[in-house]
Amino acid sequence: MIVESHDIIRYLDDHFPGPKLMPASHDEAARIRPWMELGDALQMSIKSLTYDRLFRDKFPPTEEKCAFYAAHQRNPDLVAFYRRFLDGFDPEDLKHYDEAVADFLARTNDQLGKTAWLAGDAITLADFSAVVNVHRATKLGHDLAAYPATLAWYETIEARPSFHQAITSYVP
């Protein structure tokens with residue numbers, strides 16, 4: 001089973017018809033990879049802030065849920081994460097995570113001040129990968145008005161018919 005989003009979107013791009021989102025040219029593809037890696041590196045920050053700010057009230061952690069999860073989850077890192085969620089995340093860690101999200105937004109804003117899309121003049125997997133994190137950042141309280149180029153880019157992608165189907169229809 002494949003669960004990594006980047007693996008899934010690469011597979012879809014490789015195996016289904018339509019415009020290719022990962023260029024065949026090595027040089028063009030090289031402009032995409034750093035954005036996808038940056039998004040990967042952001043995941044612990046996004047996940048921790050999401051659990052702390054969005055899920056804590058909606059899905060409060062309990063000792064019973066933690067015990068059940070520990071008994072059924074094979075990955076000890078995921079069990080440890082749930083324990084941190086139950087016990088409460090360290091405020092310094094949350095501050096660091098917020099700073100990482102702000103840095104990501106600043107980097108996207110810098111790039112999008114130079115090019116229409118993250119990897120150049122055409123929409124690519126870099127954009128579809130990053131927009132999920134930007135969307136989540138807005139839900140976590142980051143104001144895109146501080147990042148005008150990112151805001152314009154986000155609004156362009158958000159206006160696509162597929163955005164609601166792929167992103168907002170799955171938000172709890």
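Cluster annotation: Leu151 is connected to Ile167 through the hydrophobic network of ILVMFWY side chains, with a link wherever side-chain heavy atoms come within less than 4.5 Å. When hydrophobic clusters are built by joining Ile, Leu, Val, Met, Phe, Trp and Tyr residues whose side-chain heavy atoms come closer than 4.5 Å, directly or via intermediates, Tyr97 is grouped together with Tyr51. Put simply, Leu54 and Val131 are part of the same group of oily side chains (I, L, V, M, F, W, Y) that touch within less than 4.5 Å, one to the next. Cluster annotation: Phe55 and Phe68 are assigned to distinct hydrophobic clusters (Ile/Leu/Val/Met/Phe/Trp/Tyr, side-chain heavy-atom contacts under 4.5 Å, transitive).
The heavy-atom pair separating Phe104 from Val134 by the smallest distance is CE2-CG2, 3.9 Å. Smallest separation of non-hydrogen atoms from Ile123 and Phe128: CD1-CZ, 3.4 Å. Residues Leu105 and Thr150 come closest through the heavy atom pair O-OG1, 3.5 Å. When every heavy atom of Pro148 is checked against every heavy atom of Asn109, the shortest pair comes out as N-OD1, 3.2 Å. Of all heavy-atom pairs between Ile32 and Ala119, the closest is CG1-CB, 3.6 Å. Between Val101 and Ala137 the shortest heavy-atom distance is CG1-CB, 3.6 Å.
In terms of modelled atom types and a separation under 3.5 Å, the side chain of Ser129 and the main chain of Leu125 share no donor-acceptor contact. The main-chain N or O of Pro60 is found under 3.5 Å from a side-chain atom of Lys65 such that the two form a donor-acceptor pair.
Contacts of Asp52 classified as side chain to side chain contact (heavy atoms under 4.5 Å, CB included), with partners at least two apart in sequence or in another chain: Arg56, Phe89, Leu94.
Here Arg31 does not pair with Asp27 in a salt bridge; the nearest charged N to carboxylate O distance is not below 4.0 Å. A salt bridge links Arg83 with Glu63: the distance from a Lys NZ or Arg NE/NH1/NH2 to an Asp or Glu carboxylate oxygen falls below 4.0 Å.
Contact of the Gln73 side chain with the Tyr82 side chain is not registered, since no non-hydrogen atoms from C-beta on lie closer than 4.5 Å. In this structure, Phe85 and Cys66 have side chains that are not in contact, with every pair of non-hydrogen atoms separated by 4.5 Å or more.
Going from atom CG of Asp98 over to atom CG of Leu140 covers 7.5 Å, rounded to the nearest 0.5 Å. Between Gln43 atom CD and Thr50 atom OG1 the span is 9.0 Å, to the nearest 0.5 Å. With values rounded to the nearest 0.5 angstrom, Met36 atom CE is found 11.5 Å from Leu118 atom CG. For the atom pair Arg136 CZ and Lys47 NZ, the distance stands at 12.0 Å (nearest 0.5 Å). Distance check, rounded to the nearest 0.5 Å: CG of Leu49 to NZ of Lys139 gives 15.5 Å. Taking CD of Glu158 as the reference point, atom CD of Glu155 lies at 6.5 Å (rounded to 0.5 Å).
No more than 12 heavy atoms of other residues, nucleotides or ligands shown are found within 6.0 angstrom of CG on Asp121.
Screening Trp153, Trp117, Tyr154 against Asp127 for a side-chain hydrogen bond (donor to acceptor under 3.5 Å, both in side chains) leaves a single residue, Trp153.
For Tyr147 and His142, the ring centers sit 6.0 Å or farther from each other.
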